[in-house]
Asker: 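Before I ask anything, let me first share the structure, which is written out below as structure tokens.
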2 protein chains.
Amino acid sequence: MAKKQQEKSQQTMQELMASAIELFGSNGFIQTSVAEITEHAGYAKGSFYRHWNSKDELFLIIVEQKLKRYRAKRNGKVDKAKNLEEAMHAIWDFLESIINDKNWSSIFLEFTVYSAKSETLRKLMNKSVYRLSNEIFAELVHNHMETDFPPEKIGALNTALFEGYLIHRSLGTQVLSLPDVRAAAIALALRNGAKQG
Amino acid sequence: MAKKQQEKSQQTMQELMASAIELFGSNGFIQTSVAEITEHAGYAKGSFYRHWNSKDELFLIIVEQKLKRYRAKRNGKVDKAKNLEEAMHAIWDFLESIINDKNWSSIFLEFTVYSAKSETLRKLMNKSVYRLSNEIFAELVHNHMETDFPPEKIGALNTALFEGYLIHRSLGTQVLSLPDVRAAAIALALRNGAKQG
DNA sequence: CCATAAAAGTGACCGGAGGTCATTTTTAGA
DNA sequence: TCTAAAAATGACCTCCGGTCACTTTTATGG
């Protein structure tokens with residue numbers, strides 16, 4: 001039993017992370033304090049910092065983990081697409097699954113905007129493990145491109161429309177529905193990436 | 001000279017507001033503290049709260065004022081538009097003028113997302129004096145509509161694309177240029193609001 | 001089985017935030 | 001010059017993220 005202490009530490013870490021996911025999920029990133037996270041898990045505040053260097057760091061780990069899971073569900077579906085429109089629908093199924101994960105989409109939005117104020121955080125947030133990636137998007141659709149419009153621009157426009165819709169949603173504005181935005185995004189992608197016919 | 005004290009109070013208020021606009025403009029909403037605002041204007045922290053109840057309140061007043069000015073410049077230009085495309089271009093001239101106002105567009109974005117966490121603030125932010133308004137947009141373009149697609153949806157999609165681009169921009173991502181987004185937004189509007197042909 | 005060292009856990013403390021309010025300073029007018 | 005009201009002050013409150021000297025628990029060699 002040489003590993004018992006490490007196991008205990010691992011379990012504490014898991015408990016703290018579970019507590020964090022729960023509280024972030026209900027109250028958001030900024031509204032959730034480190035003291036709340038530890039208290040809710042039954043530990044003292046100082047314990048948090050034995051496992052992560054900052055609240056930001058833990059949040060990034062959670063983002064990475066969540067994004068990985070969303071993408072795992074997506075994998076395969078996009079490959080089966082026979083044209084750009086089908087690929088876009090597969091991508092929007094994926095985006096819709098993010099929106100359906102409680103209010104995490106608003107929390108990602110909150111953190112994304114929050115991250116823009118710190119240079120180091122901003123750089124991190126441009127990596128694909130933490131964010132919708134224009135490069136990954138380009139990979140997913142480039143087989144279906146029928147024009148020389150840069151596929152990563154299609155991806156960036158798609159992300160812009162999606163995240164703009166998240167703002168719309170987080171303010172409680174009800175003018176747009178998810179199908180509205182999906183239709184708009186796909187139309188936009190087809191306009192730039194498919195031959196007119 | 002019965003008004004001298006009131007005049008002094010007004011001037012203090014103006015000085016504090018000017019200080020706030022300067023500091024918000026360079027450092028953003030959250031990064032700028034009330035103490036910094038008052039110190040930079042040569043007053044003590046307590047003076048701030050003789051004029052506004054909170055940092056939020058002052059910021060909303062600044063937003064209202066700025067939005068009013070942007071719109072004043074826009075007025076007339078949209079009226080001269082002969083079709084939906086020209087109207088959209090006039091609207092994007094207006095949006096571009098917001099983007100060209102130092103880094104205020106990112107600061108509006110910051111505050112918009114920040115406001116979503118407070119119910120009262122969120123309700124306020126849905127008012128047209130504080131935000132790009134789908135109703136105002138609908139008014140501006142409804143004369144040029146050739147379909148029965150709801151004009152306020154065109155407005156909301158346009159705003160989503162614009163604000164999504166602000167996120168793109170605030171993260172320093174350089175995939176999209178302003179003309180890219182303008183072209184996409186106008187294409188989207190024409191697709192939904194103009195007869196195909 | 002105990003002594004000890006290492007690991008896990010604690011919570012008082014720090015600086016700085018938004019906001020409050022009793023107190024001081026300035027001003028207007030009789 | 002005196003006084004009452006208005007303007008300005010800054011110590012103080014609570015809470016935040018983060019630190020760290022300290023206590024408690026645990027593993028292990030003699």
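None of the values given here were measured: they were computed from a predicted structure. No hydrogens, no waters, no symmetry mates; every other heavy atom, side chains included, goes into these values. Below, chains carry the letters A, B, ... as their sequence lines are ordered, and counting in each starts from 1.
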Asker: Kindly state whether the ring of A/F111 and the ring of A/Y114 have centres lying under 6.0 angstrom apart.
Answerer: yes

Asker: Taking atom P of C/dG18 as reference, at what distance in whole Å does atom CD1 of A/I30 sit?
Answerer: 13 Å

Asker: For A/Q11 and C/dG9, give me the distance from atom CD to atom P, rounded to whole Å.
Answerer: 9 Å

Asker: Any donor-acceptor pair under 3.5 Å linking the side chain of A/T38 with the backbone of A/A35?
Answerer: yes

Asker: May I ask you to decide if A/K195's main-chain N or O and A/E146's side chain share a donor-acceptor pair within less than 3.5 Å?
Answerer: yes

Asker: Quick one: A/L16 CG to C/dT10 C1', roughly how many Å, whole number?
Answerer: 13 Å

Asker: Figure out the NZ/C1' separation between B/K55 and C/dG19, and round it to whole Å.
Answerer: 12 Å

Asker: Between A/I98 and A/I62, is there shared hydrophobic-cluster membership here, with clusters defined by ILVMFWY side-chain heavy atoms closer than 4.5 Å?
Answerer: yes

Asker: Honestly, is A/K55 close enough over A/F29, meaning NZ or CZ under 6.0 Å from the six-membered ring centre and within 45° of the axis?
Answerer: yes

Asker: Report yes if the distance between the aromatic ring centroids of B/Y165 and B/F162 is under 6.0 Å, otherwise no.
Answerer: no

Asker: Among B/H40, B/Q14, B/E39, B/E36, which residue satisfies the side-chain hydrogen bond (donor to acceptor under 3.5 Å, both in side chains) criterion with B/S19?
Answerer: B/H40

Asker: Quickly work out the B/N53 CG to C/dC21 C1' distance and round it to whole Å.
Answerer: 14 Å

Asker: Given atom CD1 of A/I37 and atom C1' of C/dG9, what is their separation to the nearest angstrom?
Answerer: 17 Å

Asker: Rounded to the nearest Å, what distance is computed from the CZ atom of residue A/F48 to the C1' atom of nucleotide D/dC16?
Answerer: 13 Å

Asker: Touch check for B/T38, heavy atoms < 4.0 angstrom, all strands: base, sugar-phosphate only, or nothing?
Answerer: nothing

Asker: Looking at A/E86 and A/N83, what are the two nearest heavy atoms and their distance?
Answerer: N-OD1, 2.8 Å

Asker: Between protein and nucleotides 4-8 of chain C, what N or O pairs are separated by less than 3.5 Å?
Answerer:
{"unit_1": "C/dA7", "atom_1": "O4'", "unit_2": "A/Q5", "atom_2": "OE1", "d": "3.2"}
{"unit_1": "C/dA8", "atom_1": "OP1", "unit_2": "A/Q5", "atom_2": "O", "d": "3.4"}

Asker: Give A/Y43 one of three labels, base, sugar-phosphate or nothing, depending on what nucleic acid heavy atoms sit under 4.0 Å from its own.
Answerer: sugar-phosphate

Asker: Between B/H168 (side chain) and B/L176 (backbone), is there a donor-acceptor pair under 3.5 Å?
Answerer: yes

Asker: Can you see if the side chain of B/Y49 gets near the phosphate of C/dT20 - specifically, an N or O under 4.0 Å from OP1 or OP2?
Answerer: no

Asker: Specify the separation, in whole Å, of atom CG of B/L58 and atom C1' of C/dG19.
Answerer: 15 Å

Asker: Polar atoms only, N or O, under 3.5 Å: list the protein pairs with nucleotides 10-15 of chain D and their distances.
Answerer:
none

